[in-house]
Structure formats: C-alpha cells, structure tokens
Q: 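Here's a structure for you.
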Amino acid sequence: MEIPVDKPILVTSALPYVNGECHIGHLRTYVPADLYVRMLRKMCYNVRFICGSDTHGTPIVLSAEAQGITPKAVVKRYHEHFRQVFKALNVDFDYYGQTDSESNHRRTEEIVKKLIENGYVYKKITKQAYCNTCGRFLPDRYVEGKCPYCGAIARGDECDQSCGKHLEPGEIIEPKCKICGNDAVFKDQEQFFFLLSAFAEFLASYLDTLGGTLNARNYAREWVKKELRDWCITRNLDWGVKFPGRDDLVVYVWVDAPIGYISFTEELLKGNEDISWDRYWKDDAAVIVHFIGTDIIYHHCIFWPAMLKGAGYSLPDAVVASGMVKINGETFSKSRGNVVWTTEFLKRFHPDTLRYYIISQSSHTKELDFSWNSFAMRVNNELVGVLGNLVHRVLTFAHKNFAMVPEGDIEEEIFVAISKRRDEAIRAVEEYEFKKFVDAVMSLADFGNRAFHRQEPWHLIKKGEEGKARCGTVIKDVLQLLKAVCILLEPVMPEKMQEMWHLIGMESDVHSVKLDELLVPIESGQALVKPKKLFRRIEL
RNA sequence: GCCGGGGUGGCCUAGUGGGUUAGGGCGCCAGACUCAUAAUCUGGAAGUCGCGGGUUCGAGCCCCGCCCCCGGCACCA
C-alpha cells in the first residue's frame, strides 16, 4: 500500500491473550510490526505504535480458577510477562495497555450503546448449556456430546470430528461439561445479538478498498459471499465489560478487545495538545494499519469494521496478516511439548538473532517452520559469515593500518548500489514483504565482501604510499556500505546495529537516523577501535 | 463438499501485460585467497517448472480437464 505522506499513521499489533506465556509463534506478528514502524520512521512518516493485553473471556476465568486466583491476578501476571518480553525484544510500542482499563470499559460501553441506538443490536432467547456441577453457563467449545446428524462425538457448536455440520445451540445430544465432565443441561437465556447480516453489502465494498495482505481480504470475502450470521455479543460471565443495563451479562471478549485499539490511542494521547484520539478514530484523518495473525482475520476484517461502521467510527485502512508458526513441521502444542518459549530462547540467544530469523526465514504471509537447525544456519551463514565477518575483517584491517576512517573519495558505484537496495527495501516494506526487505539489505553486505576481496587491500597495503592510499579508499567504500547496512538493518536488529554503528566510528543514535543519511559520505578521521565480534557462531 | 493458497534442480525459493541460455539461497564438488569468526572469493554439476490436452511463431506464466499438499469453513482469545 502506498502510504499518504500527509496523514499520521497508527499501527496496531494484535493483542496477546494473557492467559499464558509468550511463545515464538506470537512474535510472528509483533516483530514485523515493529520493523514496519521503525522503517516508516526512517522514511519520516508520523507513526504511532500501540498494543496491549487482551484480558477478558472464559479461558482466563478458567485459568484463574485452576490456579485458585482471581482473573485479575492472572491478567496482571501475564500482562507483566508480555511487557517484559516486548522490552527484551525491543518491540517498542508507544503505548502498551490492557483491555480491563477504565477507559476501555467506558469506550466499549459507549460503542455498544451507539450500536443499540442505531438499531444494530437485538435481544433473543437462546438455549445455553449450563453445568449444574460447575454452576455456570458454558460456551459452546466447552460442551461435548453426540452429533444429532451422525452420532459422533461433537463440540457444542460443530460436529468437528466427523460430519462437520454446524450445530445450533441446544441441538447436541447428551451434552456434557468439558470442564468437569458431568452432564450439562440447556436453559433458555436472553442474549444480545449484533445485526452483522445488515453489513454484507458494506463489507463487500469495504474489502475491495482494504489495504494490507491478500490473505486477509480473500479470507474475509469468502464469508461475505456466503451468508453472514448475526453475532451473539453477550456472555454469562462476571469477568468482562458489563453489557449496558445488564449486571448479569458481559460483552463477548471480541467486542471489547479490538476496542482496545481505540482506548489505547486515547490513553496514549491524553494531554497531547497537537492531536487527539478522535482524529484517528472519528475523523478519518489518519491511516490505521492492523498487524494480526491469520487466525484472527475474521474478527478484524468482518466483525470489527462492521462494529466501527455501525457505531460511526473510522475504518482500518490495512490489515496485515502473518502466517502461522510451526515447529519442525508440526503445529504448536503445549501439551505435547512442541513449543518454543520466548524467555527460554532469550536465555540462550540474542534477541536480534531471533528477530532476524523471524523476518528472514519466510515470506510474511506464509507459514514459518521453525527448526533449531535452520535458525543456526541463518545465524552462522548470514549474520556471522556475511555481515559479521565483513564488519570484523574490514575493521580489523583498518584499525591495524589506519586506526581511523581513512581519507579518500567514495566510488560512485557504492552509492549506486546503496540507492538500488534502498529502493528495493522501501518497495518491500510497502508490500509487507519483510523477507524481501532483509534480503535486499543483506545483499549490500554481500557486495561488500566481494568488493573487498576483489581489490585485495592486504596486498595494496604493502605497496608504499600510493598503495596505502588506494587501500584507504577500499576501506572507506566498505565502511560506507556498512553505514548503509546499519541504517537499513536497524529496524530488524536495533541493538546489534547500534553496536555496529559505534564500531564504524559513528557516535549518534542509529535508531533516529533517517534514510537520507544513507548517501551522506562517511567522514574521515574518526577513530576506529579494535572491533569485537558482532555475532557468534551457534553450535547446536 | 465449498473457498483460499500452493506444487519450479537433494532442500527452501524468485518469477503473470507469455518472448533472449528459468534467477537466488542452502547443501554438494573443484579451485583461489589469507585481511577476517574453518569466515571470504571464483567456478561447476544438478531442473521434462505436478500430470494430460489446447491457444500461440513462442507458455512456468493464458484456457480446459485431472492429481497431490497446506489452510479455513464462524462466535473458538
């Protein structure tokens, strides 16, 4: 998507559901979003980046009960955990909130009231499974019984193992509570529904204008082409945002979760005199980009825009959906131990190597198959072999023979090479092709190795003053390349590139350096220290 | 079943307004270099671009049929 230069941009990253620890699957969304934001800033856009914890819903309530603590305590614990993980990985949100905040309660109530006012919410009696033993109503996924069509064991809402038919509430035979295993009964319950069916036409045309990745639009179109069923937006729970006027009902978690995007914007901009939150969410004065995983496309491309439209809010401009992560070809599974926890990973390896791997291993919308072997290969071949080695060899050589950035002019071909890769990198980011982005930049380092080797400075240095002067030019050319690599790779590996920035004699903060610095010749005379190794080989 | 994505050398993969010898990476083989983290550089072998038809002077890219793989099929965070 081409980004309008004159508008501020709001980038959001999917809200982690805080009932468990962060695994590397989560990062597939956050790391590219962070890269995107850092790169846009280098391109001088006005960007704000927000996220927060998704705190409501049944799984958190159950998780709390299992641990004998309150939902609030569960939320607090994992909210803190995610904050720390993001900090460790340098996923640098301008604001990280949580959906149980007062302002999110308020904003959710306001939006639900508005939907009611506009005639998009209606009441309906439904059959709801109730477990007498647990003393609670059961969401469909916690009900198990026999399929009335084929007789196989089925979930409350769908015959998921056998015939695949959708089951209406109350249809399932011999319902049992999946939590305690005892019999469940169906009770009549008053629930509220969102008139999603009224938005079919709107959504069809909206999806045609939506930016972001193709997988998001295609997936959503499929639903719009079929019939859109109205959506039950209330639950019989205590934990959550109360449905207006009903103390016994909370809104479904997928109502208040995305509204977090709005309330976090409000919280971020509170007291900001230059711009207020409603410029983003009411006046259509900003570009809104959501980074999510393919598993929640439905909610972001169907429910969410319909809700916003129905309540009179601005619509998202782009939805960028990342593919799922697998481990050694298998789906994540906590029970089978097929999972890689982020904190465990970070005990062993530098966060930037993980960021690099996630970005470079596969195209953003495709599945990423993690393996320790492929991780080690990327680090050893690319970060150590190509980039780390180039930095180390040229700086060691320069330090020994010059001890500073040598005099001399930079060859024109260097600037040509940099400009070419810069353009490729910008195009890649605009297309959400983050692998292409990193590949384009790394090819500059590759270019550097070839140039250095071809000109054999280790021979030149032995050929008197003239040789030394030419040698200086070779080094300076490569340093210019490294400067460019550093700037362009900062969005991928912020910490390592800051280290490298200092190694090549730069004193500023590479995080705030803009793209126009790419073609500014590196200055001669700056002291060069004996380099330390930027990356270390991984032996498995 | 329906919808979407995909099937390109041992592995991963680029490549749609159809047009020079199908591009890159990993791995492999040979050689070079020695400034450098056994890193680097040069060269090489290896592909009937899922199958069968068709359109065209010409198709990985277009059309028809078929096979296979992956994901989704809703209130589940």
Side-chain angles (χ1 to χ4, degrees), chain A residues 14-20 53-60 63 99 139-142 155-158 160 163-166 169 191 193-194 196 214-215 217-223 225-235 252-255 257 293-299 302-303 323-324 326 329 331 360-363 365-367 369 373-374 377-378 380-401 433 435-436 439 442-443 446 448-461 471 474-475 478 531-537:
Chain A
L15 312 184
Y17 193 67
V18 284
N19 74 333
S53 298
D54 181 6
T55 61
H56 296 139
T58 311
I60 281 177
S63 174
T99 58
D140 292 329
R141 62 178 292 203
Y142 291 106
R155 236 169 45 188
D157 56 338
E158 186 195 3
D160 56 333
C163 71
K165 274 214 170 66
H166 170 77
Q191 301 288 1
F193 283 73
F194 175 53
L196 189 61
L214 187 63
N215 55 349
R217 283 191 296 279
N218 280 346
Y219 182 96
R221 279 190 182 118
E222 181 192 334
W223 290 112
K225 267 188 275 172
K226 290 195 219 165
E227 186 196 3
L228 285 174
R229 278 186 229 147
D230 291 340
W231 180 37
C232 180
I233 54 167
T234 45
R235 291 291 184 277
Y252 176 45
V253 60
W254 268 111
V255 173
T294 52
D295 53 341
I296 52 177
I297 289 173
Y298 192 73
H299 308 84
I302 304 279
F303 291 159
M324 297 286 101
K326 289 194 166 188
T331 317
S360 67
Q361 180 63 10
S362 132
S363 153
T365 55
K366 292 198 174 154
E367 183 177 278
D369 188 11
N373 198 39
S374 63
M377 292 287 252
R378 283 213 175 269
N380 291 346
N381 291 337
E382 297 168 20
L383 295 182
V384 176
V386 176
L387 179 57
N389 181 53
L390 177 62
V391 173
H392 197 246
R393 73 194 296 202
V394 77
L395 288 177
T396 304
F397 188 84
H399 172 254
K400 197 157 80 185
N401 297 295
E433 291 286 358
K435 176 175 170 52
K436 275 188 190 165
D439 286 351
M442 286 300 280
S443 79
D446 196 60
N449 270 317
R450 275 181 283 133
F452 196 74
H453 188 272
R454 181 166 30 87
Q455 297 177 89
E456 302 181 317
W458 52 93
H459 286 156
L460 291 176
I461 197 70
C471 203
V474 173
I475 290 168
V478 176
K532 58 171 199 147
K533 292 171 182 169
L534 208 50
F535 299 99
R536 298 207 167 266
R537 285 188 64 84

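Chain letters run A, B, ... following the sequence lines, proteins first and then strands; every chain starts at 1.
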Q: Hey, are the side chains of A:Leu387 and A:Val391 touching, using non-hydrogen atoms and a 4.5 Å cut-off?
A: yes
Q: Applying side chain to side chain donor-acceptor pair (under 3.5 Å), name anything that partners A:Gln455, two or more places apart in sequence or on another chain.
A: none
Q: Please report the shortest heavy-atom distance between A:Cys471 and A:Phe397, naming the atom on each side.
A: SG-CE2, 3.4 Å
Q: Let me spell it out: for each of A:Cys232 and A:Thr294, pick the nucleotide of RNA chain B with the closest heavy atom. Which residue's pick is nearer the 5' end?
A: A:Thr294
Q: Rounding to an integer number of angstrom, what distance separates B:U8 and B:C41 when you compare their C1' atoms?
A: 29 Å
Q: Using the C1' atom as the reference point in each nucleotide, state the distance between B:A59 and B:C29 in Å, no decimals.
A: 34 Å
Q: Let's test this: given Watson-Crick or G-U wobble pairing with both distances under 3.5 Å, identify the partner of B:C61.
A: none
Q: Just how far, in rounded Å, is C1' of B:G71 from CG of A:Asp369?
A: 15 Å
Q: Which heavy atom of A:Val478 sits nearest a heavy atom of A:Gly448, and at what distance?
A: CG2-O, 4.3 Å
Q: Please tell me if the side chains of A:Arg450 and A:Asp446 come closer than 4.5 Å, counting only heavy atoms from C-beta onward.
A: yes
Q: Among residues two or more places apart or on two chains, list those pairs meeting side-chain hydrogen bond (donor to acceptor under 3.5 Å, both in side chains) that have a residue in residues 390-401 of chain A.
A: A:Arg393-A:Asn449
Q: To the nearest Å, how far apart are A:Asn373 CG and B:G27 P?
A: 10 Å
Q: To the nearest angstrom, how far is A:Glu456 atom CD from B:C33 atom P?
A: 9 Å
Q: How long is the line joining CG of A:Leu15 and C1' of B:C76, in whole Å?
A: 16 Å
Q: Sort out the partner of B:G43 for me: Watson-Crick or G-U wobble, both distances under 3.5 Å, none otherwise.
A: B:C29
Q: Quick one: look up who B:C76 pairs with, Watson-Crick or G-U, both distances under 3.5 Å, and put none if it's unpaired.
A: none
Q: So, using ring pair (Phe, Tyr, Trp, His ring centres under 6.0 Å) as the criterion, who are the partners of A:Phe303 when residues are at least two apart?
A: A:Trp231, A:Tyr298, A:His299
Q: State, to 0.1 Å, how close A:Gly388 and A:Phe535 come at their nearest heavy-atom pair, and which atoms those are.
A: CA-CD1, 4.4 Å
Q: What's the CE-P distance between A:Met324 and B:G72, to the nearest Å?
A: 9 Å
Q: Below 3.5 Å is the cut-off: list the nitrogen or oxygen pairs between protein and nucleotides 34-38 of chain B, distance only.
A:
from, atom 1, to, atom 2, distance (Å)
B:U34, OP1, A:His459, NE2, 2.8
B:C35, O2', A:Arg393, O, 3.4
B:C35, O2, A:Arg393, NE, 3.1
B:C35, N3, A:Arg393, NE, 3.4
B:C35, N3, A:Arg393, NH2, 2.5
B:C35, N4, A:Arg393, NH2, 3.1
B:A36, O3', A:His392, ND1, 3.0
B:A36, O2', A:Asn389, OD1, 2.9
B:A36, O2', A:His392, ND1, 3.3
B:A36, N1, A:Arg393, NH2, 3.4
B:A36, N3, A:Asn389, OD1, 3.4
B:A36, N3, A:Asn389, ND2, 3.3
B:A36, N3, A:Arg393, NE, 3.3
B:U37, O4', A:Lys533, NZ, 3.4
B:U37, N3, A:Phe535, O, 2.5
B:U37, O4, A:Leu534, N, 3.4
B:U37, O4, A:Phe535, N, 3.2
B:U37, O4, A:Phe535, O, 2.8

Q: Who passes side chain to side chain donor-acceptor pair (under 3.5 Å) against A:Asn389, sequence neighbours left out?
A: none
Q: Does B:G17 pair with anything, Watson-Crick or G-U wobble, both distances under 3.5 Å, and if so, with which nucleotide?
A: none
Q: Check nucleotides 44-46 of chain B against the protein and report each pair of N or O atoms closer than 3.5 Å, with its distance, or say if there are none.
A:
none

Q: List in chain and number order the residues that pass side chain to side chain donor-acceptor pair (under 3.5 Å) with A:Thr234, two or more places apart in sequence or in another chain; answer none if no residue qualifies.
A: A:Gln191
Q: Could you go through nucleotides 23-26 of chain B and list every protein N or O atom that sits under 3.5 Å from one of its N or O atoms, giving the distance for each pair?
A:
from, atom 1, to, atom 2, distance (Å)
B:C26, O3', A:Asn381, ND2, 3.3

Q: Just to verify, what does A:Thr294 make a side chain to side chain contact (heavy atoms under 4.5 Å, CB included) with, not counting sequence neighbours?
A: A:Asn215, A:Ile297, A:Ala321, A:Met324
Q: So if I define the base as every atom that isn't primed, P, OP1 or OP2, how would nucleotides 2-15 of chain B read as a B/S/- string at a heavy-atom cutoff under 4.0 Å?
A: -BSS--------SS
Q: I'd like the P distance from B:C33 over to B:U16, given in whole Å.
A: 42 Å
Q: Nearest nucleotide by nearest heavy atom, which residue falls closer to the 5' end of RNA chain B, A:Phe303 or A:Lys326?
A: A:Lys326
Q: Side chain to side chain contact (heavy atoms under 4.5 Å, CB included) with A:Lys225: which residues, sequence neighbours excluded?
A: none
Q: Roughly how many Å apart are B:G18 and B:U56, using the C1' atom of each and rounding to a whole number?
A: 9 Å
Q: If you round to the nearest 0.5 Å, how far is CZ of A:Phe452 from CH2 of A:Trp458?
A: 6.0 Å
Q: Please measure how far the P atom in B:C66 lies from the corresponding atom in B:C3, and state the result in whole Å.
A: 13 Å
Q: Just jot down the side chain to side chain donor-acceptor pair (under 3.5 Å) partners of A:Arg235, sequence neighbours excluded, or say none.
A: none
Q: Using the P atom as the point on both nucleotides, what is the distance between B:G7 and B:G60, in whole Å?
A: 15 Å
Q: Looking only at atom P, what distance separates B:G65 and B:G27, rounded to whole Å?
A: 43 Å
Q: Quick check: closest heavy atoms across A:Ser360 and A:Lys435, and the distance to 0.1 Å?
A: O-NZ, 2.9 Å
Q: Let me know the distance between CG of A:Leu390 and C1' of B:A39, rounded to the nearest Å.
A: 11 Å
Q: Mind calculating the distance between CZ (A:Arg450) and C1' (B:U40) to the nearest angstrom?
A: 12 Å
Q: I'd like the C1' distance from B:A14 over to B:G24, given in whole Å.
A: 7 Å
